[in-house]
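Working notes, beginning with the structure itself.
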Amino acid sequence: MNAATEMPTPLIFTDAAAAKVKQLIDEEGNPNLKLRVFVTGGGCSGFQYGFTFDENQAEDDTVMEKGGVTLLIDPMSFTYLVGAEIDYQEGLEGAQFVIKNPNATSTCGCGSSFSV
């Protein structure tokens, strides 16, 4: 029995999000790219989400892998993202990555910033 496999997933990275990131990485032609998700101060609600590609993994990053995509989260951002879901949605308003964060007490209208 392995205790590590029994731990709940700290973050949900949906199949749609992983597939879109994989597509974007394939378009870049650099298989070493990883998706870094982070939280910074700013936005209309106090904190905002950010996404970037990164080739470097820090020792203290939380690492998740899904569908051939590696997701990196720094320790500070991880505290705000525990239990969150990262999804990719296409709709009438366009296509975008969406974070559903149970730690957020409020979010702005566009969903890119939040408060705790």
Side-chain angles (χ1 to χ4, degrees):
M1 183 180 280
N2 185 344
T5 59
E6 295 177 2
M7 291 178 56
T9 303
L11 195 85
I12 299 168
F13 190 41
T14 67
D15 292 341
K20 183 61 179 179
V21 172
K22 178 84 170 99
Q23 176 190 343
L24 294 171
I25 289 173
D26 289 346
E27 288 174 4
E28 289 293 322
N30 182 351
N32 296 322
L33 291 178
K34 303 164 182 60
L35 179 67
R36 181 173 294 282
V37 181
F38 57 94
V39 173
T40 61
C44 53
S45 294
F47 295 99
Q48 61 187 3
Y49 304 111
F51 297 92
T52 188
F53 287 121
D54 196 339
E55 290 183 320
N56 302 312
Q57 176 182 331
E59 287 183 19
D60 56 355
D61 280 340
T62 296
V63 180
M64 292 183 60
E65 294 188 11
K66 183 165 191 173
V69 174
T70 302
L71 182 71
L72 303 174
I73 307 168
D74 66 84
M76 190 280 294
S77 298
F78 184 78
T79 60
Y80 292 105
L81 293 170
V82 170
E85 176 185 286
I86 300 173
D87 193 15
Y88 180 76
Q89 299 176 348
E90 294 181 359
L92 294 175
E93 298 175 5
Q96 63 182 344
F97 287 97
V98 177
I99 296 182
K100 297 174 187 168
N101 189 344
N103 305 306
T105 56
S106 66
T107 60
C108 67
C110 67
S112 65
S113 70
F114 66 99
S115 61
V116 291

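Screening Gln23, Glu28, Lys22 against Asp26 for a side-chain contact (heavy atoms from CB on, under 4.5 Å) leaves a single residue, Lys22.
The backbone N or O of Val82 sits less than 3.5 Å from a side-chain atom of Asn103, completing a donor-acceptor pair. Although no hydrogens or angles enter the test, the distance criterion places a donor-acceptor pair under 3.5 Å between the side chain of Asn101 and the main chain of Tyr80.
Legend: residues meeting ring pair (Phe, Tyr, Trp, His ring centres under 6.0 Å) with Phe53, ordered by chain and number and at least two apart, are absent. Shown here are the side-chain contact (heavy atoms from CB on, under 4.5 Å) partners of Thr62, two or more places apart in sequence or in another chain: Ile73, Phe78. Checked against salt bridge (charged side-chain N to carboxylate O under 4.0 Å, His left out), Glu85 has the following partners two or more places apart in sequence or in another chain: Lys100.
Criterion: ILVMFWY side-chain heavy atoms under 4.5 Å apart, direct or through other members. Under it, Met76 and Leu72 are not part of a common hydrophobic cluster. Cluster annotation: Phe97 and Phe47 are assigned to the same hydrophobic cluster (Ile/Leu/Val/Met/Phe/Trp/Tyr, side-chain heavy-atom contacts under 4.5 Å, transitive).
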Working for side chain to side chain contact (heavy atoms under 4.5 Å, CB included), residues Tyr49 and Ile86: CA-CA 11 Å; Tyr49 304 111; Ile86 300 173; over 6 Å; no
Is there a side chain to side chain contact (heavy atoms under 4.5 Å, CB included) between Val21 and Tyr88? Walk through the geometry before answering. CA-CA 9 Å; Val21 172; Tyr88 180 76; over 6 Å; no
Got a list of side-chain donor-acceptor pairs under 3.5 Å for residues 63-71, not counting sequence neighbours?
residue : atom : partner : partner atom : Å
Lys66   : NZ   : Phe13   : O            : 2.9
Lys66   : NZ   : Asp15   : OD1          : 2.9

Would you give me the side-chain donor-acceptor pairs under 3.5 Å for residues 30-37, sequence neighbours excluded?
residue : atom : partner : partner atom : Å
Asn30   : OD1  : Asn32   : N            : 2.9
Asn30   : ND2  : Glu55   : OE2          : 2.4
Lys34   : NZ   : Asn32   : O            : 3.3
Arg36   : NE   : Asp54   : OD2          : 2.9
Arg36   : NH1  : Asp61   : OD1          : 3.1
Arg36   : NH1  : Asp61   : OD2          : 3.3
Arg36   : NH2  : Asp54   : OD2          : 3.3
Arg36   : NH2  : Asn56   : O            : 3.2
Arg36   : NH2  : Asp61   : OD2          : 2.7

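Of the inter-residue distances, the one linking Ile12 atom CD1 with Leu81 atom CG reads 12.0 Å to the nearest 0.5 angstrom.
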